[in-house]
Amino acid sequence: MEPFKNAFNADMIANMARHLSDAGPFDAARFQALATDGLNALELKARSHHIADALQVCLPDDFFKASAQMIAALHPSEDDEGWVGKAAEHGIRGWAMMPMGEVIARRGLDHFDLALDTLAAFTPRFSAEFDVRPFLQADQARAMVHVSRWAQHPNPHLRRLASEGTRPRLPWGMQLKALIADPVPVLPILERLRDDPSDYVRRSVANNLNDIAKDHPDLVAQIAMDWLLGASNDRKKLVRHACRTLIKAGHPGALAAFGYAPPQLSARFTLSPETARMGDDVEMVLTLQSTGKTAQKLVVDYVLHYVRAGGKTGPKVFKWTQTTLAPGATCTLTKAHKLREVTTRRHYAGLHRIQAQVNGQAVAEATFTLSRNG
């Protein structure tokens, strides 16, 4: 698949220049020269920043005029067709909106309400969740007035902006430290959107709650318990996705919300081979025997304690499976863990420990040695 960064190219810049020129005074030739100079050497976000720099030079200095000109250059359609790819023939949408939103974020704090209204106009044509964050940081109460209005908007992209823009720990985005410390102001927004007809919006609500769970796990576990009462299948799916980090971490409250009690069982866990090399599969066999008197819902994960530099270890939880174990019954589960190089983790030789985890509790463990020798 072609890298997303390649959407920022000379053709897109020329199309932006044409639509912005049609919407008002705009030095299209200068913009194209500035925006394309050195563009191909840059990665995705740097390309957007570079085009935003060129826009700032070529748009009117007056923020009201610049905002109106960008809005006038937008594609007339408010659906999401064309988000990935070039700007559309009849107006700007898709990746070309990313540097335009950045210009609003850079220049709009002194025109707070107009800037947020402009980002709302942009959003149906490309997401603006990164660009609303400086406004939430600068004046959260004032920005939340807009967020509340977006949460009630008929367009699903605006409703999603209400939840995605307020994520405390949005990947690639500015952290919202006030909401990290106290997420309560955003909870009414999430509750309003929890049964949204759009899965696109509901998934954003789940991701917001998952962010909150990293700093306030007990709060999100209680929300899960409350939201699951009389929940539809869509809401159950949302809550499960929201609690994914808590469930992997074995948070008792989150597990209890989904009916996972402390397990009553005995376990035997084996690994092979005892010594493995990069590229090998470590075969795991877990045998569980119920000691309970009733059927047990089980969520099974495994925790690999990776050897790190200096001989220290660090855990990472991997999902395994879910099952139900009848009273007195035995089940055997198998899984292969692939030892592959990844860009996010360096593997070190040494003794690695794997714990089998059931309903958040370690029930058995075994070890293997990773050898870097060929």
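Since this is a predicted model, take the numbers as computed values, not measurements.
For Lys248, the NZ atom is densely surrounded, since the number of other residues' heavy atoms within 6.0 Å is greater than 12. Counting non-hydrogen atoms of neighbouring residues, nucleotides and ligands closer than 6.0 angstrom, the CZ atom of Arg244 exceeds 12 such neighbours. Shown here is Arg345, whose CZ atom has more than 12 heavy atoms of other residues, nucleotides or ligands within 6.0 Å. Heavy atoms from other residues, nucleotides or ligands lying under 6.0 Å from NZ of Lys65 number 12 at most. The 12-atom threshold is not exceeded at CD of Glu274, counting heavy atoms of other residues, nucleotides or ligands nearer than 6.0 Å.
Although no hydrogens or angles enter the test, the distance criterion places a donor-acceptor pair under 3.5 Å between the side chain of Asn208 and the main chain of Ser163. Judged by distance alone, the side chain of Glu283 and the main-chain N or O of Thr334 form no donor-acceptor pair under 3.5 Å. Judged by distance alone, with hydrogens and angles left aside, the side-chain atoms of His216 form no donor-acceptor pair with the main-chain N or O of Lys214 at under 3.5 Å. Side-chain atoms of Ser67 do not come within 3.5 Å of backbone N or O of Phe63 as any donor-acceptor pair. Counting only distance, with no hydrogens or angles, the side chain of Ser290 and the backbone of Ala329 share no donor-acceptor pair below 3.5 Å. A side-chain donor-acceptor contact under 3.5 Å links Gln296 to the backbone of Gln264. Formation of a donor-acceptor pair under 3.5 Å by the Thr330 side chain with backbone atoms of Gln289 is not found in this model. Side chain of Arg202 to backbone of Arg194: no donor-acceptor contact under 3.5 angstrom is found. Panel note: side chain His50, backbone Leu34; a donor-acceptor pair is recorded below 3.5 Å. No side-chain donor-acceptor contact under 3.5 Å links His305 to the backbone of Gln355.
Side-chain contact between Leu298 and Thr324 is absent, with no heavy atoms from C-beta onward closer than 4.5 Å. Side-chain contact between His19 and Asn15 is present, with at least one heavy-atom pair separated by less than 4.5 Å.
Here the closest heavy-atom approach between residue Ala28 and residue Ser21 is recorded as CB-OG, 3.4 Å. Ala33 approaches Thr36 most closely through the heavy-atom pair O-OG1, 3.5 Å. When all heavy atoms of Ile212 and Pro168 are compared, the closest pair comes out as CG1-CG, 3.9 Å. Heavy-atom minimum distance, Val300 versus Leu286: CG1-CD2, 3.8 Å. Closest approach of Asn359 and Pro263 over heavy atoms only: CB-CD, 4.0 Å. Shown here for Ala151 and Leu193, the closest heavy-atom pair between the two residues is O-CD2, 3.5 Å.
Relative to the ring axis of Phe318, Lys316 places its NZ or CZ within 45° and under 6.0 Å from the centre. A cation-pi arrangement is absent between Arg142 and Phe135 under the rule of less than 6.0 angstrom and at most 45 degrees off the ring axis. Annotation: cation-pi pair Arg159/Trp150 absent, no NZ/CZ under 6.0 Å from the ring centroid and within 45° of its normal.
Ion pairing between a basic and an acidic side chain is recognised when a charged N comes within 4.0 Å of a carboxylate O; Glu43 and Arg47 show no such pairing. Looking at Asp211 and Arg167, a side-chain N of the basic residue comes within less than 4.0 Å of a carboxylate O on the acidic one, giving a salt bridge. At a threshold of 4.0 Å, the pair Asp195-Arg235 counts as salt-bridged, since one of the basic side-chain nitrogens sits closer than that to a carboxylate oxygen. Under 4.0 Å is where a charged nitrogen must lie from a carboxylate oxygen, and between Arg340 and Asp281 at least one such pair does. Salt bridge status for Asp53 with Arg106: present, with a side-chain N to carboxylate O gap under 4.0 Å. With respect to the salt-bridge test (charged N to carboxylate O, under 4.0 angstrom), the residues Arg107 and Asp61 do not qualify. Under 4.0 Å is where a charged nitrogen must lie from a carboxylate oxygen, and between Arg169 and Asp215 at least one such pair does. With respect to the salt-bridge test (charged N to carboxylate O, under 4.0 angstrom), the residues Lys338 and Asp280 do not qualify.
Rounding to the nearest 0.5 Å gives a distance of 9.0 Å between CE of Met70 and CE of Met16. Rounding to the nearest 0.5 Å gives a distance of 8.5 Å between CG of Asn9 and CD1 of Ile51. One distance of note links CG of Leu351 with OG1 of Thr367; it measures 4.5 Å at 0.5 Å rounding. To the nearest 0.5 Å, the span separating CZ on Phe122 from CD1 on Ile104 amounts to 4.5 Å.
Linking ILVMFWY side-chain heavy atoms closer than 4.5 Å, directly or via other members, places Met98 and Leu42 in two distinct hydrophobic clusters. Side-chain heavy atoms closer than 4.5 Å link hydrophobic residues (I, L, V, M, F, W, Y) into clusters, and following such links, even through other members, never connects Ile247 to Leu325. In terms of hydrophobic clustering, with Ile, Leu, Val, Met, Phe, Trp and Tyr side chains grouped at heavy-atom distances under 4.5 Å, Leu187 and Val220 are assigned to a common cluster. Under the 4.5 Å side-chain heavy-atom criterion for ILVMFWY residues, a single connected hydrophobic cluster contains both Val132 and Trp172. By the criterion of side-chain heavy atoms lying less than 4.5 angstrom apart, applied directly or through intervening Ile, Leu, Val, Met, Phe, Trp or Tyr residues, Ile180 is not grouped with Leu136; the two fall into different hydrophobic clusters.
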Next on the checklist: Working note: Leu370 + His347, criterion side-chain contact (heavy atoms from CB on, under 4.5 Å); need CA distance, chi angles, decisive distance, verdict.
Outcome noted: CA-CA 9 Å; Leu370 175 62; His347 291 77; 4.0 Å; yes
Item to check | Residues Val299, Leu255; criterion side-chain contact (heavy atoms from CB on, under 4.5 Å); working and verdict | outcome: CA-CA 9 Å; Val299 56; Leu255 289 165; 3.7 Å; yes
Checklist entry - Run the side-chain contact (heavy atoms from CB on, under 4.5 Å) check on Gln222 and Asp226 step by step: do they pass? => result CA-CA 6 Å; Gln222 184 58 57; Asp226 294 341; 3.0 Å; yes
Item to check | Derivation of the side-chain hydrogen bond (donor to acceptor under 3.5 Å, both in side chains) call for Tyr200 and Glu164 | outcome: CA-CA 10 Å; Tyr200 174 63; Glu164 197 73 7; over 6 Å; no
Next on the checklist: Determine whether His157 and Phe126 satisfy the following criterion, ring-ring contact (aromatic ring centres under 6.0 Å, His included), listing intermediate values before the conclusion.
Outcome noted: CA-CA 8 Å; His157 298 296; Phe126 192 78; over 10 Å; no
Checklist entry - Would Trp95 and Leu44 satisfy side-chain contact (heavy atoms from CB on, under 4.5 Å), going step by step from the backbone distance to the final call? => result CA-CA 10 Å; Trp95 286 106; Leu44 188 148; 4.3 Å; yes
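Using cut-offs of 30° and 60° for the angle between ring planes, the Trp320 and Phe269 rings count as tilted.
Between Tyr302 and Glu365, the side chains place no donor N or O within less than 3.5 Å of an acceptor N or O (distance only, hydrogens not considered).
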